[in-house]
Amino acid sequence: MTPIISVPHFTHLKVPLHIVSARREKLAAWLQQHSYVPLNEVCSRFQISEATARRDLAALADRKQIRRTHGGALGEYYHRFPTFLDRQRLATAGKQDIARRARALIKPGMACFFDGGTTIFAIAEELQRFPVTPMTAITNSLPVAELLAPVAGIGAHLLGGELVPRQSVLVGRVASRALEFYHIDVAFLGAEGLDAKGAWNSQEEVVELQRDLVKDSRQVVLCADRTKMGRIAPVFLAKWKEIDLLLTDATPEEAHAAGVPTFLNLNSDVGGDEMAQDAEPRWLEEG
């Protein structure tokens with residue numbers, strides 16, 4: 001006889017256990033692909049009630065297949081930095097656009113650094129879908145390392161260091177010392193604010209590692225969506241003359257209004273001749 005499961009609050013419904021189990025497995029797999037899933041999307045995707053969705057999520061959490069959050073669920077790493085999640089859901093289209101153009105700058109054989117932050121993570125997602133191989137990916141981000149490590153042709157290297165739990169990044173003296181073992185062609189860095197002075201970020205220990213990358217990388221690519229224009233954060237990161245390329249979905253007019261210098265060069269080629277140190281950042285817009 002086929003086992004059945006009784007659904008609390010809907011006692012008139014009886015659903016075969018194998019159907020419930022199959023749905024929950026599909027839900028777990030879907031969540032791992034999409035990182036974060038709010039409850040209403042679970043209901044819509046699987047055509048189930050809120051109560052049923054909550055029971056499914058609770059069952060998966062008990063089996064440690066997912067992590068519960070208020071109003072949804074997360075993949076394994078994401079419970080460590082809710083701030084990351086909150087930011088990941090902002091300016092999604094802009095970050096995806098930046099990620100596509102960042103991937104186009106990566107050439108086979110390069111060694112690239114990917115720091116923490118949601119825009120840089122979007123670049124890693126783009127590389128997972130459309131790998132550039134062979135390449136070396138160096139990172140201090142646990143989610144980036146986990147995402148790229150299984151990709152054939154990409155050698156993923158995770159720096160050591162002190163863990164910043166809310167962002168799942170490794171920083172500190174050990175991380176900085178680890179950078180000395182690499183010759184980095186392109187460093188992809190994120191920022192929380194851009195103004196006339198330069199780029200800003202939120203945490204001193206994160207910025208210290210970014211400054212090491214600005215100093216030692218062959219090319220520095222700053223990636224920031226339009227919401228960062230005209231904003232500052234607690235810690236100053238770099239002057240514009242220290243940045244080789246700015247990737248953003250903001251228009252030149254939006255940047256000008258924020259005091260961010262722009263120099264339009266749609267044919268720029270990271271990996272070619274190095275720019276003069278006093279050059280303004282090259283600006284890639286939709287083309």
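For the pair Thr139 (side chain) and Phe114 (backbone), a donor-acceptor distance under 3.5 Å is present. For the pair Asp244 (side chain) and Val221 (backbone), a donor-acceptor distance under 3.5 Å is absent.
When all heavy atoms of Gly94 and Asp249 are compared, the closest pair comes out as CA-OD2, 3.3 Å. Shown here for Gly116 and Val169, the closest heavy-atom pair between the two residues is CA-CG1, 3.7 Å. Across all non-hydrogen atoms, the minimal contact from Met229 to Ala255 is SD-CA, 4.0 Å.
Counting only heavy atoms from C-beta outward, the side chains of Val174 and Glu162 never approach each other to under 4.5 Å. Between Ile154 and Thr133, some side-chain heavy-atom pair lies under the 4.5 Å cut-off. The closest side-chain heavy-atom distance from Leu209 to Asp115 is not below 4.5 Å. Taking the side chain as every heavy atom from C-beta outward, Leu189 and Val214 approach each other to under 4.5 Å. Looking at heavy atoms from C-beta onward, Leu57 lies in side-chain contact with Leu39 at the 4.5 angstrom threshold. The closest side-chain heavy-atom distance from Ser21 to Leu17 is below 4.5 Å. Put simply, the side chain of Leu194 reaches to within 4.5 Å of the side chain of Leu246, judged on heavy atoms. For the pair Val235/Arg211, a side-chain contact is recorded, criterion being any heavy-atom separation below 4.5 Å from C-beta on.
No chain of hydrophobic side-chain contacts below 4.5 Å, direct or via other Ile, Leu, Val, Met, Phe, Trp or Tyr residues, connects Ile106 to Phe130. Val206 is not connected to Trp200 by any chain of hydrophobic side-chain contacts under 4.5 Å among Ile, Leu, Val, Met, Phe, Trp and Tyr, and they are in different clusters. By the criterion of side-chain heavy atoms lying less than 4.5 angstrom apart, applied directly or through intervening Ile, Leu, Val, Met, Phe, Trp or Tyr residues, Leu245 is grouped together with Val186 in one hydrophobic cluster. The hydrophobic clustering, which links ILVMFWY residues whose side-chain heavy atoms are closer than 4.5 Å, places Leu237 and Ile232 apart.
The only option from Leu148, Leu142, Asn140, Val144 that meets the side chain to side chain contact (heavy atoms under 4.5 Å, CB included) definition with Leu158 turns out to be Leu142.
For Arg173, the CZ atom sits in a loose shell: 12 or fewer heavy atoms of surrounding residues, nucleotides or ligands are nearer than 6.0 Å.
Taking the ring centre of Phe236 as origin, the terminal cationic atom of Lys197 falls inside the region bounded by 6.0 Å and 45° from the ring axis.
Counted by atom type alone, Thr52 and Arg55 present one or more donor-acceptor pairs between their side chains at under 3.5 Å.
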**Request:** In sequence, state the C-alpha distance, the side-chain angles, and the governing distance for Val220 and Leu213, and then conclude on side chain to side chain contact (heavy atoms under 4.5 Å, CB included).
**Result:** CA-CA 8 Å; Val220 178; Leu213 288 155; over 6 Å; no
**Request:** Please step through side chain to side chain contact (heavy atoms under 4.5 Å, CB included) for the pair Asp216 and Tyr182, ending with a clear verdict.
**Result:** CA-CA 10 Å; Asp216 296 331; Tyr182 299 99; over 6 Å; no
**Prompt:** Yes or no on salt bridge (charged side-chain N to carboxylate O under 4.0 Å, His left out) for Glu254 and Arg226, after CA distance, side-chain angles and deciding distance?
**Reply:** CA-CA 8 Å; Glu254 289 172 324; Arg226 67 193 338 133; 2.8 Å; yes
**Asked** Run the salt bridge (charged side-chain N to carboxylate O under 4.0 Å, His left out) check on Arg54 and Glu50 step by step: do they pass?
**Response** CA-CA 6 Å; Arg54 290 184 188 279; Glu50 240 185 60; 3.5 Å; yes
**Request:** Take Cys223 and Ile123 through the side chain to side chain contact (heavy atoms under 4.5 Å, CB included) test and state the conclusion after the steps.
**Result:** CA-CA 10 Å; Cys223 304; Ile123 300 172; 3.9 Å; yes
**Message:** Checking Glu126 against Lys95 for the salt bridge (charged side-chain N to carboxylate O under 4.0 Å, His left out) test, could you report, in this order, the C-alpha distance in whole Å, the side-chain angles of both residues, the deciding distance, and whether it holds?
**Reply:** CA-CA 11 Å; Glu126 186 73 7; Lys95 291 171 184 176; over 6 Å; no
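Note that CZ of Arg45 and CZ of Arg23 are 14.0 Å apart. Values are rounded to the nearest 0.5 Å.
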